[in-house]
Amino acid sequence: MNLRLGIYEVFSRIVPGGLYIVAVAQFLFILGIVDLDPEIINNLSLAASIGLVVVAYILGGAFDIFSLAFFRLFKKRGFSNRILAEFKTDHADRWRIDFSDGDLPILFAYIRTKNLELAGELDRHNAVSIMLRNVSLGLLLMAVNSLIRFLMYRDPVSVFISGSMLVLSLLMIRESIKFRGFFYKGVYETILAYRVDLETAIRPVRHAMRRSKTEKINE
């Protein structure tokens with residue numbers, strides 16, 4: 001497994017999967033089904049730790065479909081099209097851009113054929129967006145758990161914890177949307193960069209001045 005794939009898997013699956021494990025354990029603890037002993041957690045063997053990582057990866061993938069539905073509740077309709085429209089407006093004075101937001105997978109595939117490392121850097125924004133939306137859902141589940149604890153035990157601290165988790169969840173989903181926008185814009189900018197002719201777009205100033213003086217003399 002190469003480094004780029006490893007980073008993607010950690011960001012988009014293992015990190016949020018770990019949070020889902022915490023949320024599930026918290027729920028079982030509130031119901032009195034399990035007892036969370038700090039000593040057991042601190043003395044986990046290597047095999048048990050690897051097992052938890054595998055479980056986190058599986059949970060991160062299994063819950064991703066729910067996090068995507070949660071993400072779409074906050075992402076405004078036409079978000080990707082709006083990002084592309086802003087990009088076209090910013091470069092309308094020099095470039096005619098005919099592709100649509102639906103062409104994004106093809107454009108990204110083209111970048112992968114040209115520069116796999118650059119594609120990995122762009123994909124990192126997407127991986128972070130996936131991670132953050134899953135973290136947001138995990139925090140929401142923990143907020144619900146704290147609310148359940150309050151209803152069962154009338155613990156006022158649980159209300160504060162629930163509110164804090166809810167606020168953090170909303171902040172995370174907002175950041176997730178922002179990083180998804182970074183991914184879209186990065187793909188569009190890279191495609192445009194492949195079309196730029198540096199020989200005509202960037203010229204030495206002194207050379208241009210010298211040529212201008214020569215033209216005046218010839219006149």
Side-chain angles (χ1 to χ4, degrees), residues 1 5-80 83 123-184:
M1 182 180 294
L5 182 60
I7 290 175
Y8 182 90
E9 297 301 322
V10 168
F11 280 175
S12 64
R13 294 291 182 263
I14 297 177
V15 170
L19 191 61
Y20 289 136
I21 290 177
V22 173
V24 172
Q26 181 191 29
F27 179 72
L28 296 177
F29 176 74
I30 291 173
L31 296 182
I33 298 176
V34 298
D35 184 19
L36 299 180
D37 188 351
E39 287 297 325
I40 297 177
I41 298 175
N42 293 332
N43 296 321
L44 285 176
S45 64
L46 178 61
S49 299
I50 295 175
L52 282 177
V53 171
V54 173
V55 172
Y57 178 83
I58 294 173
L59 284 178
F63 275 81
D64 187 58
I65 187 172
F66 302 108
S67 74
L68 180 58
F70 182 61
F71 176 81
R72 287 173 176 169
L73 292 176
F74 295 89
K75 188 183 71 170
K76 294 181 180 179
R77 186 182 299 273
F79 174 73
S80 59
I83 294 292
D123 205 23
R124 186 174 301 180
H125 290 309
N126 190 41
V128 171
S129 176
I130 294 173
M131 180 191 72
L132 290 174
R133 81 184 187 207
N134 277 279
V135 168
S136 177
L137 179 60
L139 290 170
L140 178 63
L141 294 177
M142 294 174 69
V144 173
N145 288 340
S146 297
L147 184 59
I148 293 174
R149 180 178 176 81
F150 168 74
L151 295 176
M152 292 179 62
Y153 303 107
R154 299 299 175 183
D155 179 13
V157 177
S158 297
V159 176
F160 173 76
I161 295 176
S162 179
S164 300
M165 293 295 103
L166 180 60
V167 171
L168 288 175
S169 175
L170 295 176
L171 291 175
M172 291 299 101
I173 201 67
R174 181 178 179 180
E175 289 298 301
S176 176
I177 294 172
K178 183 174 72 174
F179 272 92
R180 179 59 66 86
F182 289 163
F183 172 66
Y184 292 157

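What you are looking at is a predicted structure, and each value in this text was computed from that prediction instead of being measured.
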Exercise. Going from CG on L59 to CD1 on I14, what distance comes out if it is rounded to the nearest 0.5 angstrom?
Worked result: 12.0 Å

Exercise. Does the side chain of F70 come within less than 4.5 Å of S176's, by heavy atoms?
Worked result: no

Exercise. Distance under 6.0 Å and angle within 45° of the ring axis: does R72 meet both against F74?
Worked result: no

For this session: Go through the steps to decide whether S49 and L52 satisfy the test side chain to side chain contact (heavy atoms under 4.5 Å, CB included), and finish with yes or no.
Result: CA-CA 5 Å; S49 299; L52 282 177; 5.7 Å; no

Exercise. Looking only at heavy atoms, which two atoms of Y184 and S80 are closest? And how far apart?
Worked result: CE1-CB, 3.5 Å

Exercise. Is there a donor-acceptor pair under 3.5 Å between the side chain of S164 and the backbone N or O of F160?
Worked result: yes

Problem set entry | Closest non-hydrogen atom pair, G18 against A56 | N-CB, 3.6 Å

Exercise. Out of curiosity, R180 CZ to F79 CZ, how far, rounded to the nearest 0.5 Å?
Worked result: 8.0 Å

Exercise. When you look at Y20 and L137, which way does the side chain to side chain contact (heavy atoms under 4.5 Å, CB included) test go after all the steps?
Worked result: CA-CA 9 Å; Y20 289 136; L137 179 60; 3.5 Å; yes

Seminar exercise, completed: For N134 and I130 the tightest heavy-atom approach is ND2-O, 2.8 Å

Exercise. Measuring from L170:CG to R174:CZ, what's the distance to the nearest 0.5 Å?
Worked result: 10.5 Å

Exercise. Quick one: are Q26 and S146 in side-chain contact, heavy atoms under 4.5 Å?
Worked result: yes

Exercise. Once you round to the nearest 0.5 Å, how far does CZ of R149 lie from CE of M142?
Worked result: 12.5 Å

For this session: Determine whether more than 12 heavy atoms belonging to other residues, nucleotides or ligands lie under 6.0 Å from atom CZ of F27.
Result: no

Problem set entry | Where A143 and S162 come nearest, the two heavy atoms and their spacing | O-OG, 2.8 Å

Problem set entry | D64 (side chain) donor-acceptor with G60 (main chain) under 3.5 angstrom | no

For this session: Could you check if a side-chain atom of L141 sits within less than 4.5 angstrom of a side-chain atom of M165, using non-hydrogen atoms only?
Result: no

For this session: Starting from the C-alpha separation in whole Å, work towards a yes-or-no answer on side chain to side chain contact (heavy atoms under 4.5 Å, CB included) for F63 and L19.
Result: CA-CA 11 Å; F63 275 81; L19 191 61; over 6 Å; no

Exercise. Is there side-chain contact between F183 and S129, with at least one heavy-atom pair below 4.5 Å?
Worked result: no

Exercise. How many angstroms lie between atom CD1 of I173 and atom NZ of K75, to the nearest 0.5 angstrom?
Worked result: 10.5 Å

Exercise. Counting distance only, does the side-chain N/O of N145 pair as donor-acceptor with the main-chain N or O of I30 below 3.5 Å?
Worked result: no

For this session: Indicate the atoms forming the closest heavy-atom contact of G138 with A23, along with that distance.
Result: O-CB, 4.3 Å

Exercise. Do S158 side-chain atoms and L147 backbone N/O form a donor-acceptor pair below 3.5 Å?
Worked result: no

Exercise. Hey, mind stepping through L166 and L140 against side chain to side chain contact (heavy atoms under 4.5 Å, CB included) and telling me if it holds?
Worked result: CA-CA 6 Å; L166 180 60; L140 178 63; 3.9 Å; yes

For this session: Look at atom CD1 of I65 and say whether more than 12 heavy atoms of other residues, nucleotides or ligands are closer to it than 6.0 Å.
Result: no

For this session: Inspect the surroundings of CZ in F66 and state if more than 12 heavy atoms from other residues, nucleotides or ligands are less than 6.0 Å away.
Result: no

